[in-house]
Structure formats: structure tokens, C-alpha cells
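Nothing here was measured: the structure is a model prediction, and the numbers come from that model. Along the sequence shown, residues are numbered consecutively beginning with 1.
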Amino acid sequence: MVMTENERIPQVLVVDDEPNIRELVQVALKFHGCAVSTATGGMDAIRQAEALRPDLIVLDVVMPDLDGFEVCRRLRAMGNEVPVIFLTARDTSSDTVTGLALGGDDYVTKPFSVEALVARVRAVLRRAARSGASGDAQADTTLRVGDLELDESRWTVRRAGAPVELSPTEFRLLACLLRHRGRVLTRAQLLESVWGWDYAGQSQIVETYVSYLRRKLDPLGPPLIHTQRGVGYTLRADENHQAGQRAGAGAAAAGHSGGEAGQCDQTDLGQRAGESHRPTGPA
């Protein structure tokens with residue numbers, strides 16, 4: 001089955017310093033309907049990514065001139081948000097988290113199944129296409145909960161009026177939680193919606209990114225992302241906190257007005273007491 005949708009051929013850049021892997025991935029993706037360009041190193045990858053503007057990059061991590069993590073970091077710093085699937089022999093959770101934290105969309109370890117890699121490429125391309133289509137179809141792309149605002153078209157987040165800087169993956173996770181505000185989403189649902197495939201055995205990625213979001217959002221106001229133990233997460237404004245704030249403000253206002261009333265009462269009593277001791281006739 002080819003990957004083309006509406007007659008559009010996806011453009012994929014494959015970056016690997018090993019010729020046999022580079023050619024294997026190129027042939028497989030071409031067979032499934034992609035137009036494929038290749039690069040042999042990190043610097044070459046950056047040049048081609050800027051020149052060709054591919055729809056996706058399959059990016060090796062370990063390369064002699066510039067590793068894949070640094071390539072991704074530089075592309076994001078240049079404002080290039082092209083989806084990236086990391087391809088590497090490293091198979092540790094720390095490397096996985098590093099790659100995804102830099103804005104990567106997926107992580108495939110060597111040796112790998114060509115069919116599995118193609119399936120993941122398809123998933124990332126579909127997700128990117130859906131995201132682009134929804135952005136074009138909606139005039140108002142701002143999602144709001146309490147004092148939190150996320151604009152999907154401008155890729156901006158603000159809380160209590162202050163801008164919040166998020167990585168692409170953090171942004172997608174927050175947008176997913178906002179679109180389903182008030183609902184509890186399981187880890188599997190979040191993995192499918194944000195990463196586009198079943199991140200089997202590595203649900204700690206969700207916990208990691210929820211932690212990242214909390215570190216950036218919680219200092220600006222009451223917690224918005226709540227954990228449903230054994231199930232998943234939900235995003236909602238803490239109504240008890242808001243009610244407490246309103247009650248506190250009301251009590252403060254009442255106390256202020258009550259203090260003024262007490263002063264008035266004491267003054268009136270003093271005036272009346274003074275009047276009762278005034279002489280009523282000539283001395």
C-alpha cells in the first residue's frame with residue numbers, strides 16, 4: 001500500500017553514514033510511494049533539510065561529523081519543525097527521552113524491521129497531515145482552560161498572560177489534553193494521539209512529558225494537569241482553588257467594609273454620648 005494521499009507524494013530525507021542502511025531505507029520508502037533524498041552526515045542533512053523542506057526526516061543518531069541529536073537541535077533552533085524519526089543502535093531510555101525532548105517524533109533502534117520503520121513513517125506522515133488540515137480548516141485555533149491559552153495556528157502558549165516556551169512534543173501533548181479538557185485520557189490514548197503509534201513498554205515517556213509540562217505551567221498558577229491513578233491524566237481548572245480565591249476575595253472585601261462600618265458606628269456612638277452630657281440650660 002502506497003502512502004500517497006490526494007495524489008501528493010511525501011518527501012522524505014534519509015540520513016545515515018552507513019551506505020547499506022541508507023540504501024535499504026531509501027528503496028523501501030520509494031516502494032511505498034515516497035520521494036526519497038539521502039544525506040551521508042549531519043551537516044549535509046541540515047543543508048538538504050533547508051533546501052528541500054522534506055515532509056519527514058529519518059535521522060541516524062551516531063554519525064562522525066555531527067550526531068543526529070545535534071542536527072535536530074539546530075533545525076529546531078532555525079525554526080524548522082519537520083517531523084523526525086531517529087534511527088540508532090542505542091537502546092536506552094535516556095537516549096529515547098533525549099531524542100524526543102529535542103522535538104523528535106519517533107525512535108527506532110537497530111537492527112530494525114523495514115516493515116516496522118515504514119509503518120512508523122506512515123503514522124508520522126498521517127499525523128502531520130491531520131495537524132495541517134485541522135489548522136487550515138479552523139479559523140479560531142485557540143484552546144483555553146482557566147488562564148491557560150494555546151494557539152495551534154501560531155504555535156504559542158500563554159498562562160496568566162505570560163508566554164510559555166514548549167518543545168514540539170510538549171506542545172502536542174498539551175494540545176491533546178486541552179482538546180479533551182475535563183476527560184481522563186489513558187496513557188495509551190495519549191501515546192497514540194501525540195506519538196502516533198503504540199509506544200509499547202515505554203509508557204514512562206508520557207510521565208516524563210507530563211512532568212515537563214508541570215514544571216513549566218505550575219509556577220504560573222494552580223495545577224491544571226491532574227493524575228488519575230492507574231488510568232492516566234486529565235486537564236481541568238481547579239474549581240475548588242478558584243472558589244477559594246473568590247471566597248477569600250469576598251471575605252477580604254467584607255472585612256474591609258465591616259471595618260469601615262465599625263469605625264462609623266463607634267464615631268456615631270461617641271457623638272451621641274457627647275451630646276447626652278451637654279448642658280441643657282444656662283450655667
Evaluation steps, side chain to side chain contact (heavy atoms under 4.5 Å, CB included), between Arg214 and Thr227: CA-CA 11 Å; Arg214 283 171 168 163; Thr227 302; 2.8 Å; yes
Between Leu174 and Leu148, is the side chain to side chain contact (heavy atoms under 4.5 Å, CB included) condition met? List the steps. CA-CA 10 Å; Leu174 182 59; Leu148 176 66; 4.1 Å; yes
Please evaluate residues Phe171 and Leu150 with respect to the criterion side chain to side chain contact (heavy atoms under 4.5 Å, CB included), reporting the C-alpha separation (whole Å), side-chain torsions for both, the decisive distance (0.1 Å), and the verdict. CA-CA 9 Å; Phe171 186 92; Leu150 179 147; 3.6 Å; yes
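At least one donor-acceptor pair closer than 3.5 Å links the side chain of Thr234 to the backbone N or O of Arg183. Of the possible polar contacts, none joining the Arg122 side chain to the Ala119 backbone as a donor-acceptor pair under 3.5 Å is found. Checking side-chain atoms of Gln11 against main-chain N and O of Ile9 turns up a donor-acceptor pair under 3.5 Å. In this structure a side-chain-to-backbone donor-acceptor pair under 3.5 Å is missing from Arg158 to Asp151.
Expressed to the nearest 0.5 Å, how far CG of Asp105 lies from CD1 of Ile57 amounts to 10.5 Å. Note that the CG atom of Asp44 and the OG1 atom of Thr38 stand 8.0 Å from one another [nearest 0.5 Å]. Atom CG of Leu56 is separated from atom CZ of Arg120 by 13.0 Å, given to the nearest 0.5 angstrom. Atoms CZ and CG, from Arg159 and Asp147 in turn, are 4.5 Å apart once rounded to the nearest 0.5 Å. Here the CZ atom belonging to Phe69 is positioned 9.0 Å from the CG atom belonging to Leu59, to the nearest 0.5 angstrom. Expressed to the nearest 0.5 Å, how far CD1 of Ile21 lies from CG of Asp60 amounts to 7.0 Å.
Hydrophobic clustering of Ile, Leu, Val, Met, Phe, Trp and Tyr side chains at less than 4.5 Å, counting indirect connections, keeps Val184 apart from Tyr209. Ile225 is connected to Val145 through a chain of hydrophobic side-chain contacts under 4.5 Å among Ile, Leu, Val, Met, Phe, Trp and Tyr, so both are in one cluster. Note: the hydrophobic cluster containing Val27 does not contain Val118 (ILVMFWY, side chain heavy atoms under 4.5 Å, direct or indirect links). Linking Ile, Leu, Val, Met, Phe, Trp and Tyr whenever their side-chain heavy atoms come within less than 4.5 Å leaves Val231 and Leu213 in two separate clusters. Leu29 and Leu52 are assigned to two separate hydrophobic clusters, defined by single-linkage of ILVMFWY side chains at heavy-atom distances under 4.5 Å.
Between Val71 and Val15 the shortest side-chain heavy-atom distance does not fall below 4.5 Å. A heavy-atom distance below 4.5 Å is not found between the side chains of Gln189 and His180. Side chains of Glu207 and Tyr233 form a contact here, defined as non-hydrogen atoms less than 4.5 Å apart. For the pair Val58/Val108, no side-chain contact is recorded, criterion being any heavy-atom separation below 4.5 Å from C-beta on. In this structure the side chain of Leu143 reaches within 4.5 angstrom of the side chain of Arg181, judged on heavy atoms.
Taking all atoms of both residues into account, the shortest heavy-atom contact from Val114 to Ala28 is CG1-CB, 3.3 Å. Considering all non-hydrogen atoms of both residues, Pro54 and Ala49 come closest at CD-O, 3.6 Å. Residues Pro10 and Gly33 come closest through the heavy atom pair CD-O, 3.7 Å. Between Leu185 and Cys176, the shortest heavy-atom distance links the atoms CD1-SG, 3.9 Å. Of all heavy-atom pairs between Pro223 and Asp218, the closest is CA-OD1, 3.7 Å.
Pairs of residues two or more places apart, or lying in two chains, that qualify as salt bridge (Lys or Arg N to Asp or Glu O under 4.0 Å) and include a residue from residues 10-28 are Asp16-Lys110, Glu18-Lys110.
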Could you tabulate the donor-acceptor pairs under 3.5 Å formed by side-chain atoms of residues 74-87, not counting sequence neighbours?
unit_1: Arg74; atom_1: NE; unit_2: Glu70; atom_2: OE2; d: 2.9
unit_1: Arg76; atom_1: NH1; unit_2: Asn80; atom_2: O; d: 2.8
unit_1: Arg76; atom_1: NH1; unit_2: Val82; atom_2: O; d: 3.0
unit_1: Arg76; atom_1: NH2; unit_2: Val82; atom_2: O; d: 2.8
unit_1: Arg76; atom_1: NH2; unit_2: Gly103; atom_2: O; d: 2.8
unit_1: Asn80; atom_1: OD1; unit_2: Val82; atom_2: N; d: 3.0
unit_1: Asn80; atom_1: ND2; unit_2: Glu50; atom_2: OE2; d: 2.9

